[in-house]
Protein chains: 2
Amino acid sequence: MTARKLMQNISVDCVILGFDSEQLNVILVDRTLILPNTSEVVFSDLTLTGYHIYEDEDLDSAAARIVKDLTGLENLPLKQFYSFGALDRLHHPNDQLWLEHCGDVFSDRVVTIGYYSLLPSTNVNFIQKGRNAAWYPVTSAKGLAYDHDFVVEKAIEHLRYKFWHEPIGFELLPVKFTLSQMQKLYEAILGTQFDKRNFRKKVSQMDYVVPLKEKQIGVAHKPAQLFMFSCDVYEKTRKERFDFFV
Amino acid sequence: MTARKLMQNISVDCVILGFDSEQLNVILVDRTLILPNTSEVVFSDLTLTGYHIYEDEDLDSAAARIVKDLTGLENLPLKQFYSFGALDRLHHPNDQLWLEHCGDVFSDRVVTIGYYSLLPSTNVNFIQKGRNAAWYPVTSAKGLAYDHDFVVEKAIEHLRYKFWHEPIGFELLPVKFTLSQMQKLYEAILGTQFDKRNFRKKVSQMDYVVPLKEKQIGVAHKPAQLFMFSCDVYEKTRKERFDFFV
DNA sequence: TACCAAATGTGTATTTTATACACTTTTATA
DNA sequence: TATAAAAGTGTATAAAATACACATTTGGTA
């Protein structure tokens with residue numbers, strides 16, 4: 001394989017969001033600058049899973065490759081949500097130090113294409129090469145590298161927007177889930193409370209939330225019925241309607 | 001002013017959409033390749049309003065500058081909607097010819113950030129420098145330069161999506177509009193029919209559609225009452241709700 | 001083995017919203 | 001003054017949203 005050339009001015013950053021039945025989490029990667037001669041740790045902070053794209057790969061492929069390289073995760077449903085090109089997005093002192101020392105010398109003008117992905121944040125096995133990727137609660141994801149605080153903020157804004165209008169919540173739940181888990185998720189993301197009976201009445205109208213003949217096991221109380229989301233049924237039965245009204 | 005440097009690999013393309021009470025239109029710019037020595041017209045086609053960004057400008061500013069340069073229009077509400085980075089997006093023969101002959105030699109790997117803007121397409125005065133910008137019905141916007149057919153398609157998809165969920169339709173109407181104009185717009189974009197009485201009943205629930213004490217003038221029939229959209233009222237009274245249900 | 005803790009699961013009455021549907025009114029113009 | 005063209009209006013019915021409280025099932029433990 002011949003050497004692939006990285007594009008100096010274009011990168012991809014992925015906001016991988018997970019839910020653990022309590023809160024929303026994001027995968028962040030360790031960025032520690034160690035001086036090679038003295039082994040001094042100059043600083044240590046966190047970044048999103050992101051990197052420059054190669055000249056011979058499109059944006060979606062770049063996003064998938066970068067996530068795989070940094071976390072080992074494959075086949076995530078990565079979707080583009082916004083691009084970031086502020087002039088000062090790499091101008092914090094740590095970013096400049098990092099760019100000076102990190103081998104490949106890149107431009108300090110990089111436009112990055114933001115991607116996001118949703119998954120349940122339990123049972124995720126990271127396979128890391130060198131750098132450490134891990135889940136962090138989004139509430140604690142502050143002081144990140146570059147403009148990544150802003151990128152995360154925009155991703156969550158985008159997530160909330162889609163949450164109101166499409167059934168994407170299921171991507172954050174296990175394949176088989178209980179209605180209480182679903183309700184907790186929606187309450188957490190949308191910051192609302194729902195009445196249990198009315199929530200269930202509403203869900204029962206959704207043909208694409210399919211009841212299974214299985215129950216929870218290993219819980220110290222009455223086990224709940226499990227449900228699945230059917231994408232097929234959703235696509236076939238969805239009816240759009242005005243909802244900006246009133 | 002010192003010479004600004006264009007970025008080889010990054011451009012912005014703007015899909016400026018207008019409505020003329022009949023159909024959706026888009027501003028396109030003439031791209032005619034004339035050989036300088038023989039004056040032969042090699043080809044002539046159309047592009048979106050787009051160009052490379054400068055090293056010292058952010059994406060939003062670039063979009064505004066490019067639209068102004070190509071059309072004379074200022075202060076349009078330009079919003080980013082998607083980015084395009086397919087490997088072959090500049091690989092049609094005309095695109096290659098154009099890139100070879102058009103002076104500045106750019107890379108054939110350009111990632112473009114898509115912006116869109118909405119406005120009523122009547123009473124728009126183009127001030128053009130050299131190249132011709134004009135409205136074209138979106139239905140006839142085929143065979144455009146680069147991947148611009150695809151960019152337009154994605155923009156309209158985005159528009160429809162937002163149309164269902166937010167009152168952005170008003171950006172495509174004159175400041176003062178009649179309910180029939182509004183209904184026709186929604187029917188055109190969403191591809192649905194609404195019952196007149198039910199549509200009006202619904203609109204009357206929207207506090208942010210404000211009836212004026214004015215009527216249409218110069219029409220050869222009973223003149224309709226005029227209405228305005230109030231962004232202030234909308235922001236203060238909007239209630240989000242689930243709408244992906246059922 | 002009886003009791004407790006913990007979470008599940010269920011129904012009804014009321015209000016609000018959506019839908020279906022047809023004729024009269026107002027204006028400019030011929 | 002008759003006509004054409006579009007504006008404007010109400011009611012009955014069906015569907016959906018909301019408010020609200022208690023009995024049930026299970027595992028664990030005394």
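No hydrogens, no waters, no symmetry mates; every other heavy atom, side chains included, goes into these values. So that the names make sense, note that chain A is the first sequence line, chain B the second, and so on, each numbered from 1.
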_Output the rounded distance in Å from CG (L226(B)) to P (dA7(D))._
11 Å

*Of the candidate nucleotides dC20(D), dA7(D), dT8(C), which contains the atom at the shortest distance from the side chain of K196(A)?*
dT8(C)

_Output the rounded distance in Å from CG (D195(B)) to P (dA7(D))._
14 Å

*Can a side chain N or O of Q216(B) be found less than 4.0 Å away from OP1 or OP2 on dA6(D)?*
no

*In whole angstrom, give the distance that lies between atom NZ of K215(B) and atom P of dT25(C).*
15 Å

*asked:* Given the structure, check if the side chain of K202(A) and the base of dT18(D) hold any donor-acceptor pair shorter than 3.5 Å.
replied: no

*Give one of base, sugar-phosphate or nothing for S180(B), where a contact means two heavy atoms less than 4.0 Å apart.*
sugar-phosphate

*Counting side-chain heavy atoms from CB outward, which of dT27(C), dT8(C), dG11(C) is closest to N198(A)?*
dG11(C)

_Base-pairing mate for dC23(C) - Watson-Crick or G-U, with both contacts under 3.5 Å_ = dG8(D)

*Assign the ring pair F170(A) / F177(A) to parallel, tilted or perpendicular, where the plane angle (0 to 90°) is split at 30° and 60°.*
tilted

*Compare the minimum distances between each of dT26(D), dT8(C), dA7(D) and the side chain of H221(B), then state the nucleotide with the smallest one.*
dA7(D)

*Which residue lies toward the 5' end of DNA chain C, L179(A) or K222(B), if each is placed at its nearest nucleotide?*
L179(A)

_Between P of dG10(D) and CZ of F199(B), the distance in whole Å_ = 19 Å

_Does the plane of the ring in F229(B) sit parallel, tilted or perpendicular to the ring in Y208(B)? Use 30° and 60° as the thresholds._
perpendicular

*Give the rounded distance in Å between these two atoms: CZ of F194(B) and P of dC21(C).*
17 Å

*Please check the phosphate of dG8(D) (OP1 and OP2 only) for any side-chain N or O of R200(B) closer than 4.0 Å.*
yes

*Distance, nearest 0.5 Å, that separates CZ of R131(A) from OG1 of T47(A)*: 5.0 Å

*Once you round it to whole Å, what is the distance between P of dA19(D) and CD of Q193(A)?*
13 Å

*Hey, could you give me the CG/CG distance between L144(B) and D13(B), rounded to the nearest 0.5 Å?*
10.5 Å

*Do K201(A) and dT18(D) have a side chain to base donor-acceptor pair shorter than 3.5 Å?*
yes

*Return the value, rounded to whole Å, for the distance between atom CD1 of I217(A) and atom C1' of dA7(C).*
17 Å

*Take the angle between the ring planes of F163(A) and Y186(A) and call it parallel below 30°, perpendicular above 60°, tilted in between.*
tilted

